[in-house]
Amino acid sequence: MNNGNKKKIINVSLLSRVFHFVKPYNGFFYCSLLLAILMAAFAPVRPYLIQLTVDKASGKDIHIPAWLKTILFNTDTNDVTQFIIAVTVFQIIFLITETLIRFAFTFITAWLGQNVVKDLRVTIYQKILQLNLSQFDKTPIGTLTTRTINDIESINDIFSDGLIPILADLLTIIFLLVTMFSMDWRLSLIALIPFPVLILATYYFKESVNKSFIKVRNAVASLNAFVQEHITGMQIVQAFAAEDREFEKFKKINKEHRNANIKAIFAYSVFFPIVEIVLAISTALIVWWVANLAITNPSDKINFSGKIVAFIMYMNLIFRPLRVIADKFNVLQMGMIAAERVFKVMDNDDVTTESGVKGRESGVIKGAIEFDHVWFAYNEEQYVLKDINFSVEAGKTVALVGHTGSGKTSIISLLNRLYHIQKGIIKIDGINIENYQLDLLRKNIGVVLQDVFLFSGSVMDNITLRNPEISRERVIAAAKMLDMHEFIMQLPNGYDYDVMERGNTLSLGQRQLISFVRALLYNPAILILDEATSSIDTESELLIQKAIDTLIADRTSIVIAHRLSTIRKADKIIVLDKGEIKEIGSHEELLAHGGFYAKLHEMQFGKKQHPVSITI
């Protein structure tokens, strides 16, 4: 793990991919670099000015550099009081300028990071929208949520607390060290004697915190996945009195998260006192060295008064970034690890590609469907559909029946290209569905599922899916056509009623009714009804049955149903078992044949029972 992480921090190709998102903001990026150089160049100035002030006040004959003489052009540098006042005023102005530069640097790097995060989040969400459903079958929703939110936020730290601030800190340390060695290289070496201890402590701190951060990141992903899954399934948890058991699982994951954080806190608690001890030793060595020189050379002791003050300030300025530079390296490293995870999602090639060339200009889709020797597997060679062959004429109704797991839902999922088939061809109007533009294909296939998903928002939002091109009048007209306008108006606020998350304030039947209006509104050429009348009361079923009659009129329809009474009038019934077609024919033909369908019919109704059919 460690070796992999060490590679990641110097992964130039990964860093270049992150910086690809910086290109639109190159001006701000180069501005932040310029400000970093300015801050580093400004760092040694104030200690040097204080050194001059102390030396001047103590009566030492000092050399005033030309740049300072230019700034203090009206000042009599021989007058101690006037010189000290002028330098003090200049320091105040300089301090204000330095503060403004530091503010600009902090703001620009944070602004840059947030804009990169915004663009990255848009890009990865766009990628997630393009992923095949198989990816959502294999990946927990909480994990994708972590990638989209937490991990991308960590990439922001590369700019606000990572790479650019580290560069600024390193430049500052370099400028300070160059200044110190140019003033007195011996004293500089004495002051840096404890540095190997600090470097060693920094290395172990970085490694320890990095391991903890990785555990924290994994624990956060586990917490997100667990909480999201259990809040969504809270009804099942409570129905089976599993609260205590699931709560214990949550406490275990939460404890792992806490332990990882405590290890990081322990590392911080050890490292920062070590930094302070090393700084104290360096300061003591400076004082000892200067004091020793003063004792051995009493006549020169006045020459060291300003230098000792300056060197102590230089050491404090060097240790200020050193206190946090290891932490910033960890932030950078975690940002790189997060970037790798994010780009792993972006590099996922299991997407529905826009390969089609048949667009709106190709004409109206009539709805003729043909499955030609189709084989499909969710997992490699474990086929759930085997050599599926059937055709549906435009405007006709076909019913799919079979036991649970026979492949009915898989067939309709393939029709609108939610999954890739391994073998065979699926055609609509004689054209391979791969040749249709996705937008055109899916807008012409309306789906009404057994478990209707509604988004947070109003009834109107869920019917139109927030499509601004669909007017309120069109929605009302569609609802009236299906005799559902009155039902919607009976809700509080009518079409503006807030259905809440997943439509939990509505019954299953009410959600089904809304989904029928949505399907009619888009006027698809092909309609798919997946157990649309199951698990609802008789009154709602009668209302839905009327809606179905309206919807399937002059429209190609595929109906999936366990209750055979609902599909007796279908033009064609396809019987599936274990992914294979067992029989095809009308209701009467299949009963007369006495095969698989007849056995299903007998299991539901008995030999002599003839149920009243509901027209579809």
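Sequence positions, counted from 1, serve as the residue numbers for this chain. This is a predicted model, so every value here is computed, not measured. Values below: every heavy atom of this structure, side chains too, minus hydrogens, waters and symmetry copies.
When all heavy atoms are compared, the tightest approach of A219 to I253 is O-CG2, 4.3 Å. Summarising the geometry of I155 relative to V342, their closest heavy-atom pair is CD1-CG2, 4.0 Å, with the distance given to 0.1 Å.
The ring pair (Phe, Tyr, Trp, His ring centres under 6.0 Å) test applied to H230 returns F226, not counting sequence neighbours. In this structure V87 satisfies the side-chain contact (heavy atoms from CB on, under 4.5 Å) test together with L49, T53, L72, F83, Q91, sequence neighbours excluded.
Atom OG1 of T202 is separated from atom CD1 of I325 by 8.5 Å, given to the nearest 0.5 angstrom.
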Output a table of donor-acceptor pairs, distance under 3.5 Å, between side-chain atoms of residues 263-282 and any protein atom two or more places apart or on a different chain; print 'none' if there are none.
unit_1: Y268; atom_1: OH; unit_2: D327; atom_2: OD1; d: 2.2
unit_1: Y268; atom_1: OH; unit_2: D327; atom_2: OD2; d: 3.0
unit_1: S269; atom_1: OG; unit_2: I265; atom_2: O; d: 2.8
unit_1: E276; atom_1: OE2; unit_2: R323; atom_2: NE; d: 2.7
unit_1: E276; atom_1: OE2; unit_2: R323; atom_2: NH2; d: 3.1
unit_1: S282; atom_1: OG; unit_2: A191; atom_2: O; d: 2.9
unit_1: S282; atom_1: OG; unit_2: V278; atom_2: O; d: 3.2

Could you go through residues 166-181 and list every donor-acceptor pair under 3.5 Å that involves a side-chain atom there, pairing it with any protein atom two or more places apart or in another chain?
unit_1: D169; atom_1: OD2; unit_2: K328; atom_2: NZ; d: 2.8
unit_1: T172; atom_1: OG1; unit_2: A168; atom_2: O; d: 2.8
unit_1: T179; atom_1: OG1; unit_2: F175; atom_2: O; d: 2.8

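Under 3.5 Å, the side chains of N416 and Y436 contain no donor-acceptor pair of N or O atoms. The closest side-chain donor-acceptor pair between D157 and S154, if any, does not fall under 3.5 angstrom.
A salt bridge is defined here as a Lys NZ or Arg NE, NH1 or NH2 lying under 4.0 Å from an Asp or Glu carboxylate O, and K56 with D79 fails to meet this definition.
Sorted by first and then second residue, the salt bridge (charged side-chain N to carboxylate O under 4.0 Å, His left out) pairs involving residues 38-49 (not counting sequence neighbours) are R46-E98. Judged as a salt bridge (charged side-chain N to carboxylate O under 4.0 Å, His left out), the pairs with a partner in residues 171-192 (not counting sequence neighbours) are, in order, D184-K307.
Residues F159 and F19 bring their aromatic ring centres within 6.0 Å.
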